[in-house]
Undergrad: 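Structure below; questions to follow.
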Amino acid sequence: MPRYDFRSIESRWQQYWEENQTFQAADCVAEKEKLYVLDMFPYPSGEGLHVGHPEGYTATDIVCRHARMQGKNVLHPMGWDAFGLPAEEFARQKNIHPAIKTEENITTFRRQLKMLGFSYDWSRELSTTDPDYYRWTQWIFLQIHDTWYDAACEWTGPDGVTRTGRGRPIAELPIPADVSAEGTAAVRRYQDRHRLAYLSEAPVNWCQELGTVLANEEVIDGRSERGGHPVERLNLKQWMLRITAYGDRLGDELENLGWPESIKYMQRNWIGRSTGAEVDFAVATDQLDHAAWMQQRNESGFPAEQDAGTIRVYTTRPDTLYGVTYMVLAPEHPLVDQLTTADQQAAVDQYRREASLKSDLDRTDLSHSKTGVFTGGYAFNPVNGEKVPVWIADYVLISYGTGAIMAVPGHDERDHEFATAFQIPIRQVVAAAAADAEPVDISAAAWTEHGVAVNSGVWDGTPTAACKAGITTALSEQGVAREAVNYRLRDWLFSRQRYWGEPFPIWHELDDDGQPTGLMRAEPIESLPVPHPHVEDFQPTGTPEPMLSKASEEWLYKTDTDGVRLKRETNSMPQWAGSCWYYLRFCDNKNSQQFIDPEKEKYWLPVDLYIGGAEHAVLHLLYARFWHKVLFDRGLVSHPEPFRRLVNQGMILGENGEKMSKSRGNVVNPEEVVEQRGADSLRLYEMFMGPLEQVKPWQTSGVEGVYRFLGRVWRLIIDDRAAENVIDAAVTEDAATAEQLRMLHRTIKAVSEDVQRLSFNTAISRMMEYTNFLYEQPSRSRSLLEPLVLLLSPFAPHISEELWNALGHTHTLAYEAWPAWDESLLVESTVEIPVQVSGKLRGRITVAADATAEDMQAAAQADPAVQKHLEGRTIIKVIAVPGKMINFVAR
RNA sequence: GCCGGAGUGGCGAAAUGGCAGACGCGCCGGAUUCAAAAUCCGGUAGGGGUAAUUCCCUGUGUGGGUUCGAGUCCCACCUCCGGUACCA
């Protein structure tokens, strides 16, 4: 019994915390400083917890327990990201309903997390699959659906910052007169085209085997990330979210976030903003007189939409227009047919067929060399009237820019490779700016640096930057170009064909023949949630027809009050949807009137610390920020960013230094560790392994080490030979000595500062050192032990509660004041400092702590060891840092 | 290719430009024990020297540099890990 019996201790305290609701957070406590600390909530897989989960979760738990002891009001919730494909795949194989399997998995996860003693406020638990939760996921979708982006709107938000561009209610969208003249149906279609959630026919990654479309990032080398099934490209009507409208703000507002620079960088890269120009090239035909076309453009100006008979390209290097020797259209480009001549038709058709079979990822695989086909058609270069051949090639993507490029092989690597392969002329139009630079040679490779224009008519000698601006302005005035901004970021493909996802709160109007008219109605907010329909058959439909189309007629159809027949949208939302806003719902998870009470939102948000794996660096974090900004624009949240500080925990590798995986047989099961050494040992070990953010291998013997440490702390206080928890005889009520106090306060300071910095491994080392020190002491004053228990409690809460109790306290230590250190007790009267001679350590002297440089020098020169090294040498210089070190520079 | 991050004992690691290797693992030795486990105490970068020591030399991926002084700052390079990749 008085041995350190973690089994009984841990279950007893977990029960105590639960019964006393120790960690329930009160909302809107004005007199306390709030702290919202969030873990990335897990997908409750059938495998249960792995050791990576407790890593981040322990880190946040330490921060929270520490903060409570500092008197802060702490929000520390947990929930489940429970929609998703694995449960559906399981259902398909075992014919068990995903809802049942999901509930089972959640039960396991909850039990495992409780077993680790995390101080979550479990009353705020939520699952994305709860109707009460997805009701509001659907509601937020309707807010996004009800919003258009007014790029010109200048406004000042509740944060006091003035921005340009705002998501506004669709009712405020100005309707052009010619549209309203066509009637209400035309107006509705016009609005639908401008919503932030819109339907679009687009080539998507369709996986027959999984029975769903996949996001680009879910496709690897032409196969599904999950299961490795083949993926093909299909044109399907899909829901898209207009995240590109927020591209600039998502990029710019990263600036002040306390996030790792690498993550910010990755997000900026993902957004990939570039600036340049759109330029129109007139398609050469027998009838076209280029000079006349230019004249006409000069009068009409640059058309907003690309007009017939012109190829519009996007370029970031308008300064290289004189170097254009050919153009390329994406194979899917609508002008291909028009440009292709009769004798090239067959080759073009075949090339397009081949390209259509490849996914974007196949096409962007750099390993294959450039392919393409000449269309037979030509277009006029607006800067010099040259006729340039137009090709099609799959290195140009229809989904980026205008789907067409002007090719400048002299100054673009891809164009150079292509031109070389097809013997197209390469022309130099940029030269090195510096007079003494080596001449640029573009025969073997493109030269992509900035310099000065050459072979570029009136622009010769103009530096690249000025030339870009100059040509763009000049061509704009002639009506053949305009400045343009492009993003690598695409609109977010938001629909899936899966069963186990949120239904869309959208109805499609049907005509008398039961066919969709293309007009839609939103589900009225008061009838949310659109319930997740029950089905019995989880086999994929085998077609792009979504799984939800297997639902009952009653779910699928209704007649609206005006007599219009309606059919439900049968696509479902992707797994990202639920995780886009869960951090908001934690603040107010039981609210049946609103997705969050504005008062609670103002109080708790933003999240002060968000810890999770780096695998979510881009997608989850970008999507959540996007939703948050839409809600912000619509006045539904008061902060522009959801997560103030972000930390990525490093992956834990197997004992062999490889990634943990079943196939490698190196998976460590946390439940077994808890079984053998207890939750406190697991928590402590995961924090002791190394810096939180670092990738580090598991060492089972390391768990043993921290377990021994906990045993040592236990025996500092408890007499482990007694039958009951009896305080050890060595524990006294005496006053501590000055040295003991110095060690204590040094430890308090170090641990406090380390916790602040999330440097948990060094904090634990400090407590170990202090414990080792106490073992050397002939007697142990209680005043030296109680603070240690408090310092240890965020790391190993169960043993700490037990020891606190044994020391005579009747209440939990969760809200005891965090120990304070007294700086005056830290100073020692004397210090030992190193003495160097010419930079080499030659001795040590002990001097008064406040010794001056002169005192130190005198003491050092009196030291025999130092004297030996100074003998016969001339001291050139003495560097003495009081209290630190002294160095004689001698010759 | 590009962009990050990291290279320190047998291992995980520590170190505001100021005594490299704290703390832990492992290993070695001792105490305790009939014996073992557990526990407690001591040692442990490498090489050399000494009867012994608070002795000497070398050492933080490689090569340069700045500095009285560099694991730490600067330049070049090597290796590993992560991310990303025809975005015009």
Side-chain angles (χ1 to χ4, degrees), chain A residues 3 260-263 265-266 268-270 272-274 276 313-317 320 328 360-361 363-368 370 393-397 399-408 411-415 417-418 486-490 614-615 617-618 648 650-651 653 655 657 659 684-685 688-691 693-706 708-709 711-712 715 720 759 761-772 775-776 832-844 863-865 868 876-881 883-890:
Chain A
R3 281 261 185 104
E261 280 308 315
S262 60
I263 302 282
Y265 181 85
M266 281 165 72
R268 281 198 197 97
N269 248 352
W270 189 264
R273 183 182 203 268
S274 74
V313 302
Y314 171 71
T315 178
T316 55
R317 292 293 300 271
T320 61
V328 184
D360 250 13
L361 276 135
R363 286 174 48 170
T364 56
D365 181 4
L366 264 176
S367 61
H368 83 71
K370 297 274 182 292
D394 66 4
Y395 82 92
V396 172
L397 306 176
S399 50
Y400 184 78
T402 59
I405 63 156
M406 56 180 230
V408 185
H411 305 282
D412 181 283
E413 285 169 19
R414 297 148 302 181
D415 297 344
E417 193 193 327
F418 190 87
N486 255 299
Y487 299 90
R488 209 187 83 103
L489 181 70
R490 307 293 152 80
E615 64 272 22
V618 177
N648 293 122
M651 201 181 2
L653 305 174
E655 215 147 358
K659 214 173 193 162
L684 206 57
Y685 173 62
F688 187 60
M689 289 173 83
E693 298 182 61
Q694 193 170 303
V695 178
K696 42 210 178 276
W698 182 270
Q699 278 189 321
T700 299
S701 56
V703 184
E704 194 63 31
V706 295
R708 284 209 281 258
F709 163 64
R712 277 166 75 77
R715 287 185 298 275
D720 71 340
S759 179
N761 54 331
T762 52
I764 295 165
S765 300
R766 295 305 198 137
M767 291 187 275
M768 287 174 167
E769 281 179 276
Y770 181 59
T771 301
N772 292 345
Y775 265 85
E776 293 163 14
E832 194 187 61
I833 61 164
V835 182
Q836 295 177 356
V837 177
S838 296
K840 289 200 169 166
L841 179 70
R842 294 303 182 191
R844 295 183 179 85
D863 185 81
K868 201 175 85 188
I876 300 163
K877 194 174 171 185
V878 180
I879 292 111
V881 183
K884 279 282 184 208
M885 52 75 64
I886 180 162
N887 186 12
F888 294 94
V889 185

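Below, chains carry the letters A, B, ... as their sequence lines are ordered, and counting in each starts from 1.
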Undergrad: For the pair made of CZ in Arg712(A) and C1' in rC40(B), what is the distance, rounded to whole Å?
TA: 8 Å

Undergrad: Using a 3.5 Å limit on both pairing distances, list the dot-bracket string of RNA chain B from the 5' end; Watson-Crick and G-U wobble pairs count, crossing pairs take [ ], interstrand pairs take |.
TA: (((((((..(((.....[....)))((((((.......))))))((((......))))..(((((..]....))))))))))))....

Undergrad: Is rG65(B) in the syn or the anti form, by the rule that syn lies within 90° of 0?
TA: anti

Undergrad: Take nucleotides 2-21 of chain B nucleotide by nucleotide from the 5' end and write B, S or -, depending on whether a protein heavy atom sits under 4.0 Å from the base, only from the sugar-phosphate, or from neither.
TA: -SS------SBSS-B-BB--

Undergrad: Quick one about Arg488(A) and Asn269(A) (side-chain donor to acceptor, distance below 3.5 Å, no hydrogens or angles considered), yes or no?
TA: no

Undergrad: Work out how far the C1' atom of rU66(B) is from that of rU53(B), and round it to whole angstrom.
TA: 38 Å

Undergrad: Taking CE from Met651(A) and P from rC81(B), how many angstroms apart are they, rounded to a whole number?
TA: 12 Å

Undergrad: Go through the structure and list residues passing ring-ring contact (aromatic ring centres under 6.0 Å, His included) with Phe418(A), not counting sequence neighbours.
TA: Tyr326(A), Trp391(A), Tyr395(A), Phe422(A)

Undergrad: Can you tell me, in whole Å, how much space there is between the C1' of rC34(B) and that of rC41(B)?
TA: 23 Å

Undergrad: Within this structure, what is the CD1-to-P distance between Ile263(A) and rG82(B), rounded to whole angstrom?
TA: 15 Å

Undergrad: Roughly, in whole Å, what's the span from CD in Glu655(A) to C1' in rC25(B)?
TA: 11 Å

Undergrad: Roughly how many Å is it from CH2 in Trp698(A) to C1' in rG24(B), rounded to a whole number?
TA: 14 Å

Undergrad: Can you check the distance between rA70(B) and rA20(B), where both ends of the measurement are the C1' atom (answer in whole Å)?
TA: 12 Å

Undergrad: With rounding to the closest Å, how many angstrom separate the C1' atoms on rG4(B) and rC11(B)?
TA: 27 Å

